Structures are given as structure tokens and as C-alpha cells.
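Note that the coordinates shown come from a computational prediction; the quantities given were computed from them, not determined experimentally.
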Amino acid sequence: MDAQPEQDGPAWWLALACLVGLLLAYVVLTNFTGELRAALWGEPGTVTEARCRTYDNTVANAGSSTSCSGTFTSDDGNSSFDVTVEGDIRSQPVRARLVDGTSGTAYVSPTLWTGVLPVGLSLLLAGVPAAVTVEHARRVRAQRPRPTPPGPPARPGPQWPAPSADDPGISDF
């Protein structure tokens, strides 16, 4: 049975896994890190006139959902505008941080911890396929036969004459 060496480079399914992992990581980071982005780079301000509406989604077997909005005014005195509000708005006015400008969401007391799960999940989704691909490529490279270097063929055995039994050794001096 003739053993064929494994193909050079990563397998097609590893490349596909990397692409899918990157796509899923992008989806996770763009959809689940708004509060993290608000905590890190959000514009501080105050939300006033916050109001909530409850929507009945029982027809679609989804229960009910609540959506809150309010008027956001930044700390530097820019104009006020209506935004979606996430967080506890029971005691008004509330301090919040705005992310994504005038069309964004104001988060009440955002924390960095909210980003740990999505960022960690994204690193796993993108990193595990990449690590498997790198390890696969290393294994394939180690199995590949090495070409002989150019030049005259190397003489087998030592390049100097081997000492005989009657030659003086180092300890004889």
C-alpha cells in the first residue's frame, strides 16, 4: 500500500471553519457589545422624560416586550434628542452613556463586565479554528520530506578519519 503524504497546507474544511468563526465573531461583537462600547467610549449625559411601552406579542407566542425611550442630553450641552434607553429608569433623570450617536442607544450605568461573554465568545469562535489550522499546517509541514541541499552529495560517515586502536588518545598526552 503506497502511503500518500498529506496535502500541503490546511484542509478546505479548516479554512471554512475559520471563515465561519470570523463571521460569527463579527455578528456577536456587533450585536451584543453595545453596552460594552457605551462603557468604554460612550458619550456621558442625562436621560429625561423616559417612558416605556409594553408590546403584546402573545399572537406570535412571544409573550410581551418592553421598549423604553427618552430624551438624551450630553454633558457638554449639545442639543437633546430622543434615543432608545436600556437599563433602570425608575428614578429620573438618570445618568447614561450614549453609543452610536443620535440614532443609538443610551445605556444607564453600563459596565465593562457585560462585554466579557460576547468578547470571550468571539475570541473562541475566531481563535479555535485558526489555532487548529496552524497546528494542522505544522503537522503537515513536519511530515513533508525535506529536499536535499544543492551541491555535491555528502559522503556517508564521518568527515575525518576515525582513530584506530593504536592511535594515542587525548588522555595519553
> Taking all atoms of both residues into account, what is the closest heavy-atom pair of Ser67 and Tyr55, and its distance?
Replying inline: CB-CE1, 3.6 Å
> Which heavy atom in Ala106 sits nearest to a heavy atom in Val47, and how many Å separate them?
Replying inline: CB-CG2, 4.0 Å
> If two hydrophobic side chains count as joined below 4.5 Å and joins carry through other members, does Phe81 share a cluster with Val94?
Replying inline: yes
> Can you hop from Val20 to Val132 via hydrophobic side chains spaced under 4.5 Å?
Replying inline: yes
>> Looking at Asp75 and Arg95, is any side-chain nitrogen of the basic one under 4.0 Å from a carboxylate oxygen of the acidic one?
In response: yes
> Does a donor on one side chain sit under 3.5 Å from an acceptor on the other, for Ser69 and Asp82?
Replying inline: no
> Would Tyr26 and Leu125 count as a side-chain contact (heavy atoms from CB on, under 4.5 Å) if you check the C-alpha gap in whole Å, the side-chain angles of each, and the deciding distance to 0.1 Å?
Replying inline: CA-CA 10 Å; Tyr26 173 77; Leu125 289 171; over 6 Å; no
> Would you say Arg51's side chain and Glu49's backbone share a donor-acceptor pair under 3.5 angstrom?
Replying inline: yes
> Looking at Pro93 and Thr46, what are the two nearest heavy atoms and their distance?
Replying inline: CB-CG2, 3.5 Å
> What closest approach, in Å, do Gly70 and Val85 show between heavy atoms, and which atom pair accounts for it?
Replying inline: N-CG2, 3.6 Å
>> Give me the atom names and distance for the closest heavy-atom approach of Glu43 to Ser74.
In response: OE2-CB, 2.7 Å
>> Is any side-chain heavy atom of Thr84 closer than 4.5 Å to one of Phe72?
In response: no
> When rounded to the nearest 0.5 angstrom, what is the spacing between CG in Leu24 and CG in Leu124?
Replying inline: 12.0 Å
